Amino acid sequence: MSIAKVIVDVPAKQTDRPFDYLIPEHLEEVIQPGMRVIVPFGPRKVQGFVESVEETSSFKSLKKVIEPMDVVPVLNEELLLLGDWLSKTTLCYKISAYQAMLPPALKAKYERKLKLVSENANFMLPDGLEQLFASEPSVLWEEAVKFASIHAIQKLVKEGIAEVHYEVQSKGKKKTTKHIIPLMSAEEMLIYAESLAKQASKQKQVIEFFIHNREPIEQRQLLERLNISSSAVKGLVERQVLAEKNLEIYRDPYEQRQFAKTEPLPLTGEQSTAIAPIHASISNDKHEVFLLYGVTGSGKTEVYLQSIQNVLEKGEEAIVLVPEIALTPQMVNRFKGRFGDQVAVLHSGLSVGEKYDEWRKIQRKEVKVVVGARSAIFAPFENLGIIIIDEEHEMTYKQEENPRYHARDAAIERGKIHNCPVVLGSATPALESFARAQKGVYTLLSLPSRMNNRPLPEVEIVDMREELKEGNRSMFSRVLLEKLKDRMEKQEQTVLFLNKRGHSSFVMCRDCGYVVKCPHCDISLTYHRYSNQMKCHYCGYEDQTPLQCPECNSEHIRYFGTGTQKVEEELTKVIPEAKVIRMDVDTTSRKGSHEKLLKEFQDGNADILLGTQMIAKGLDFPRITLVGVLSADTMLHLPDFRSSEKTFQLLTQVSGRAGRHELAGEVIFQTYTPEHYSIELASQQDYDRFYQSEMMIRRNHSYPPYYYITLITVSHEELMKTVAVTEQITKVVRHKLSPKTVVLGPVASPISRIKNRYRYQCLIKYKQEPNLKEVLKSILDHYQGEISSNGLQISIDVNPYILM
DNA sequence: AGCACGCCGACT
DNA sequence: GTCGGCGTGCTC
């Protein structure tokens, strides 16, 4: 008998290795590497992934695989390898790596049930428990516990009256609907129709239909098309002319939408020059990483589209990654428009079932192109011809939970395996990427000019300190207000951008400066206007806003800061006639509302679009001629070495929204630090100079791209314990790594407490540290006991993006 | 992660 | 003397 090496669904250090199981004879030919199986594990059943099938095992008493959960492996050979790479590079459990590569629908659902041993054992139940199995011989454990004491239930099990059962199910279900299929040939049907009674006109109609349509059809559609009731169909099914069959259908999130077919556009000289090396790489099956550096509006997307075209003509497949936030209908339209139903779309707005369906279209080779957010990098294609990452500098490509991977790294890894090009596109490349392009690790392709030669918009920096001195205490500078009014008169549109990070509305006492903080986390509570409540964004704690300051009893305690709601409020005060559309988490949480609001703005039903990060990307409307950034510097002061870079990228991005068409655009940055280089250079859209200045700073402070970094965060309920462990770890790291490596810490994390747990960290900066992974693993091993028993948490992020 | 096994305190 | 606390170690 063969042996399956299985990675079980138990994310723990001790189980992070294959377990051997016998493959029962009847499954001998069935079970293959990459399949999910149900296996016994201790007293319960768990899901597992077959890593490999082998002939021998060093373990003597093997259990058998219970059953496979898939007909076809969900992970192919390449993805199994990629999972290995993922767990090794990000130090996560293998099971977590595999799960991260699959749609959530394939995650196991576990049920613990209490089952009566014999069907008629009801009479054996002690007093008070007779009702427990009244309707069914087995009940969910949770139900049983609610019904009776754990003690009484355990007694039942001991006495052999009931048993505990463990069940494993896949979360996602394939959606099936009732289809009608013809059983007779067209000729037979003709004859049958003759034999029908005259009054059976509806049945005749149905037969008529099936004489011409031999394909299965959804019953619902059939009834609708012929305008009949189900009884006519039923009659024919009974007489075996037709049959009912449940067939799988896809939940298509874009079902009702028509996509206008678009043709490749003629390329500009610059575009042709840029695309040539990509095409060369495609036709030579050569892995190469390209950095496509093109200003906003320079036509990067057309380069993507035509590269993909090239790949498709070769019979290969393409993955396009887009930041979640930019995965707007506008973007999807462009791909669906060009490649039609060869495109699958994967993003977080889809339901679990929808994601699963899109994923299966890929698995079954029904599509050739995937457009999706981060996790789409694991699309199960087998002949990848190109991977494109748009807006490659975006932070959303880095996953902030385990496995803490960066989609860019995964893309390059896959590109190597498939010998295909990886194209990183951006107007403001990540410093790491641009540095690599400078060094020749990546090939730099530039698109320096905008399409149709539109000039970049004029940017004006407004010093808000001056405004304050002049007695303007509102959040709108006089210039901005003037221009706003001007656009209203001209019937042109404005986008107001609020950089919300770091400045959400909090509740503060105007007399003593007391700020209401979360009792469990070291963070101020965010004010939510609609419920008049304060909420912690880290642990979910909620409280009523106080009427009196708890510190000084003053009644002048109220919400502060500049949430979009507050801006909207003030906006309607200063320009009452303005029609404002507000886009933020609150107004776009409902499915489709994002799209609806944009549509409304596009149709000219509003003068001003006010929003946060989500409006920084992809907006491309001809009537936008003014962009205002209300506080350009809020991000600048976050405790993060990337804050300047992020500010520059965001401001450049936002400015790009104005004047993309015939009408010229203007941009206003309001700031309290106008002299800061990232604001100054963003206003000139001068990436190259920004790159130079920022690189200098990174070099001086030994940050990426000059150094690699790894962040260790320790958290525990007790402060002393947290500090002690971090101190110990820092010491070990310092001792074991090379003297050139910089080890910072222990220090409190920027958010020093979350959910009543103190957080301390240690930051490692290094150029070359071949033993780092081993050292980190040995640390995790050393604290293994306390992690599982004492509530200690140690998180390790190799190449972190946020230092919190 | 669960769960059993096993060694110490407070109780019928 | 037993019931039950949770520290320790195992799951093919």
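In this text the structure is predicted, and so the values were computed from the model without any measurement. First the proteins, then the strands, lettered A, B, ... as listed; each starts at 1.
Here A/Lys113 does not pair with A/Glu163 in a salt bridge; the nearest charged N to carboxylate O distance is not below 4.0 Å.
A heavy atom closer than 4.0 Å to some atom of DNA chain C occurs in A/Phe59, A/Ser61, A/Leu62, A/Lys63, these being the qualifying members of residues 51-70 of chain A. Annotation: proximity of residues 16-36 of chain A to DNA chain B (heavy atom, distance under 4.0 Å) is found for no residue.
Qualifying ring pair (Phe, Tyr, Trp, His ring centres under 6.0 Å) partners for A/Tyr708, counting only residues two or more places apart in sequence or in other chains: A/Tyr766. Contacts of A/Glu392 classified as side-chain hydrogen bond (donor to acceptor under 3.5 Å, both in side chains), with partners at least two apart in sequence or in another chain: A/Arg408, A/Ser433. Applying the salt bridge (charged side-chain N to carboxylate O under 4.0 Å, His left out) criterion to A/Glu317, with sequence neighbours excluded, gives no partner residue. Shown here are the salt bridge (charged side-chain N to carboxylate O under 4.0 Å, His left out) partners of A/Lys355, two or more places apart in sequence or in another chain: there are none. Taking the side-chain hydrogen bond (donor to acceptor under 3.5 Å, both in side chains) definition, one finds that A/Lys398 meets it with A/Asp797, sequence neighbours left out.
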Quiz: residues 93-102 of chain A side-chain donor-acceptor pairs under 3.5 angstrom, not counting sequence neighbours:
unit_1, atom_1, unit_2, atom_2, d
A/Lys94, NZ, A/Glu51, OE2, 2.5
A/Lys94, NZ, A/Asp84, OD1, 2.7
A/Tyr98, OH, A/Glu51, OE2, 2.9
A/Gln99, NE2, A/Asp9, OD1, 3.3

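Think of the region where chain A sits on DNA chain C: with heavy atoms and a 4.0 Å cut, that region ends 5' and 3' at C/dC10 to C/dC12.
Geometrically, A/Arg44 does not engage A/Phe41 in a cation-pi contact defined by less than 6.0 Å to the ring centre and at most 45° from the axis.
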Check your understanding: Using a cut-off of 4.0 Å between protein heavy atoms and nucleotide atoms, how would you tag nucleotides 1-8 of chain B 5' to 3' with B, S and -?
Key -> BSS-----

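Looking only at atom types and distance, the side chain of A/His165 has no donor-acceptor partner in the side chain of A/Glu111 under 3.5 Å away.
The salt bridge (Lys or Arg N to Asp or Glu O under 4.0 Å) contacts involving residues 60-76 of chain A comprise A/Arg36-A/Asp70, where partners must be two or more places apart or lie in separate chains. Residue pairs meeting the side chain to side chain donor-acceptor pair (under 3.5 Å) criterion with at least one member in residues 21-34 of chain A, sequence neighbours excluded, are A/Ser2-A/Glu28.
Side-chain contact between A/Val798 and A/Thr89 is absent, with no heavy-atom pair separated by less than 4.5 Å.
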